[in-house]
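Notes to accompany the following structure.
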Amino acid sequence: MSREILARPTLQAARSLLGARLVRDDETGRRVGRVVEVEAYGGPEDRASHARFGRTTRNAVMFGPPGVAYVYLVYGMYHCLNVVTEPAGRAAAILVRAVAPVEGLDLMRRDREARAAATRRRAGDPLWAATAGRRIASLPAERLASGPGLVTAAFGIDRSWTGVDLCDPASALRLESAPPGERRAAIRVTPRIGVAYAGDPWSTLAWRLHLADDLAVSGSSRR
DNA sequence: TCAAGGATCCGCT
DNA sequence: GCGGATCCTTGAA
């Protein structure tokens, strides 16, 4: 995916990101997912954005060039993958909330299980890992990466991936445009999830975008 | 150094 | 529909 696309205003870039491919291709194997759900986060004025405190150690890459990965931990448990947007100096990013698995489903299941087991081990529940394994093994493909924390779990991504250039075809983790001629579903927009604390208008702006009626959209049974 | 709270998911009801 | 798990990041002192 070209950097120019991601250098545009974040909401426009977010539209272009829908349908694109998220690819992890390295010694662990090849995984591909079609991006079906994203959220736009603006600059320091956006009270829901990590950039609202200005530049910090954690969010520094948001202030850099577009097309770079920003991965952070939420709720002490889940990693979230973001794509930096807009020209350097303008802090903005797009949260990848869900992808529909295209290739490497076995790898995604394996990493989902590994992460679930690790999480629960810390909680002191050794028997749970086996249960989680069975549950994930029977999960339909469209549920393997149907949420921000699930995308990173399925792709084996954590904070160490912050800074990776997603526009570089040689990167282990990258974005690729949708295959030419691929038909894309209508785009629906809704308010962002989990940002009530930001207050008006930031909590109500329709900056969550997803492909209509796609089964891989997060919580599609609920919203 | 501290206290507060969060861009979530899962299992149980 | 609800609450627990879990720990990093932040601003204040």
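Labels below follow one simple rule: chain letters A, B, ... track the order of the sequence lines, proteins then strands, and each chain is numbered from 1. From a predicted model like this one, the values you see are computed outputs, not experimental measurements.
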Legend entry - Upstream residue (5' side of DNA chain B) when Arg112(A) and Arg52(A) are each assigned their closest nucleotide: Arg52(A)
Legend entry - Which residue lies more 5' along DNA chain B, comparing Leu81(A) with Leu139(A) via nearest heavy atoms: Leu81(A)
Legend entry - ILVMFWY cluster, Val99(A) and Val217(A) together (side-chain gap under 4.5 Å): yes
Inset, instruction - Check whether any side-chain N or O of Arg97(A) sits under 4.0 Å from OP1 or OP2 of dT8(B), and answer yes or no. - result: yes
Legend entry - Watson-Crick or G-U stems of DNA chain B, 3 or more pairs, under 3.5 Å, by first number: B:1-6 with C:7-12, B:8-12 with C:1-5
Inset, instruction - Check the distance between dG6(B)'s P and Asn82(A)'s CG and give it to me in whole angstrom. - result: 18 Å
Legend entry - From CG (Leu22(A)) to CG (Leu166(A)), nearest 0.5 Å: 7.5 Å
Inset, instruction - Could you check how far CZ of Arg134(A) sits from P of dG11(B), rounded to whole Å? - result: 12 Å
Legend entry - N or O in side chain of Tyr78(A) less than 4.0 angstrom from dT8(B) OP1/OP2: no
Inset, instruction - Would you kindly check if the NZ (Lys) or CZ (Arg) of Arg192(A) is within the cone defined by 45 degrees around the ring axis of Tyr41(A) and under 6.0 Å from the six-membered ring centre? - result: yes
Legend entry - Smallest separation among heavy atoms of Pro101(A) and Leu144(A), with atom names: CG-CB, 4.0 Å
Inset, instruction - Scan residues 99-110 of chain A for pairs that pass side chain to side chain donor-acceptor pair (under 3.5 Å), counting only residues two or more places apart or in two chains. - result: Arg30(A)-Glu103(A)
Inset, instruction - Output the residues of residues 53-73 of chain A in contact with DNA chain B, where contact means a heavy atom of the residue under 4.0 Å from an atom of the strand; sort by number or write none. - result: Tyr72(A)
Legend entry - Phosphate OP1/OP2 of dG11(B) contacted by Arg135(A) side-chain N/O (<4.0 Å): yes
Legend entry - Nucleotide dG6(B), atom P - distance to CD1 of Ile193(A) in whole Å: 16 Å
Inset, instruction - Please name the pair of heavy atoms, one in Ala116(A) and one in Ile136(A), separated by the smallest distance, quoted to 0.1 Å. - result: CB-CD1, 4.2 Å
Please write out each protein N/O paired with an N/O of nucleotides 1-3 of chain B under 3.5 Å, distance rounded to 0.1 Å.
none

Inset, instruction - Apply the test side-chain hydrogen bond (donor to acceptor under 3.5 Å, both in side chains) to residues Ser146(A) and Arg143(A): give CA-CA distance (whole Å), side-chain angles for both, the deciding distance (0.1 Å), then the verdict. - result: CA-CA 5 Å; Ser146(A) 58; Arg143(A) 294 256 77 92; 3.2 Å; yes
Inset, instruction - Could you check how far CG of Asp158(A) sits from P of dC7(C), rounded to whole Å? - result: 15 Å
Inset, instruction - Establish, yes or no, whether a centroid distance under 6.0 Å links the rings of His50(A) and Tyr72(A). - result: yes
Inset, instruction - Could you check how far CG of Leu150(A) sits from P of dA7(B), rounded to whole Å? - result: 17 Å
Inset, instruction - Output yes when at least one side-chain N/O atom of His50(A) is less than 4.0 Å from OP1 or OP2 of dA7(B), else no. - result: yes
Legend entry - Any pair counted as salt bridge (charged side-chain N to carboxylate O under 4.0 Å, His left out), so long as it reaches residues 12-21 of chain A, sequence neighbours left out: Arg21(A)-Glu182(A)
Inset, instruction - Output yes when at least one side-chain N/O atom of Arg159(A) is less than 4.0 Å from OP1 or OP2 of dT9(C), else no. - result: yes
Inset, instruction - From the options Val84(A), Leu81(A), Val38(A), Leu18(A), select the one residue that forms a side chain to side chain contact (heavy atoms under 4.5 Å, CB included) with Ile94(A). - result: Val38(A)
Inset, instruction - Tell me, please, which residues at least two apart from Glu4(A) pass side chain to side chain contact (heavy atoms under 4.5 Å, CB included). - result: Ser2(A)
Inset, instruction - For dA7(B), take OP1 and OP2 only and decide whether either is under 4.0 Å from a side-chain N or O of Tyr197(A). - result: yes
Inset, instruction - Hey, could you give me the CE/CG distance between Met108(A) and Leu150(A), rounded to the nearest 0.5 Å? - result: 12.0 Å
Legend entry - Minimum-distance nucleotide to Met77(A) side chain [options: dA7(B), dC10(B), dT6(C)]: dT6(C)
Inset, instruction - Specify the separation, in whole Å, of atom CZ of Arg115(A) and atom C1' of dC10(B). - result: 16 Å
Inset, instruction - Nearest whole angstrom, please: distance from the C1' of dC9(B) to the OH of Tyr75(A). - result: 10 Å
Inset, instruction - Can you tell me the distance, in whole Å, between the NE2 atom of His79(A) and the C1' atom of dG6(B)? - result: 15 Å
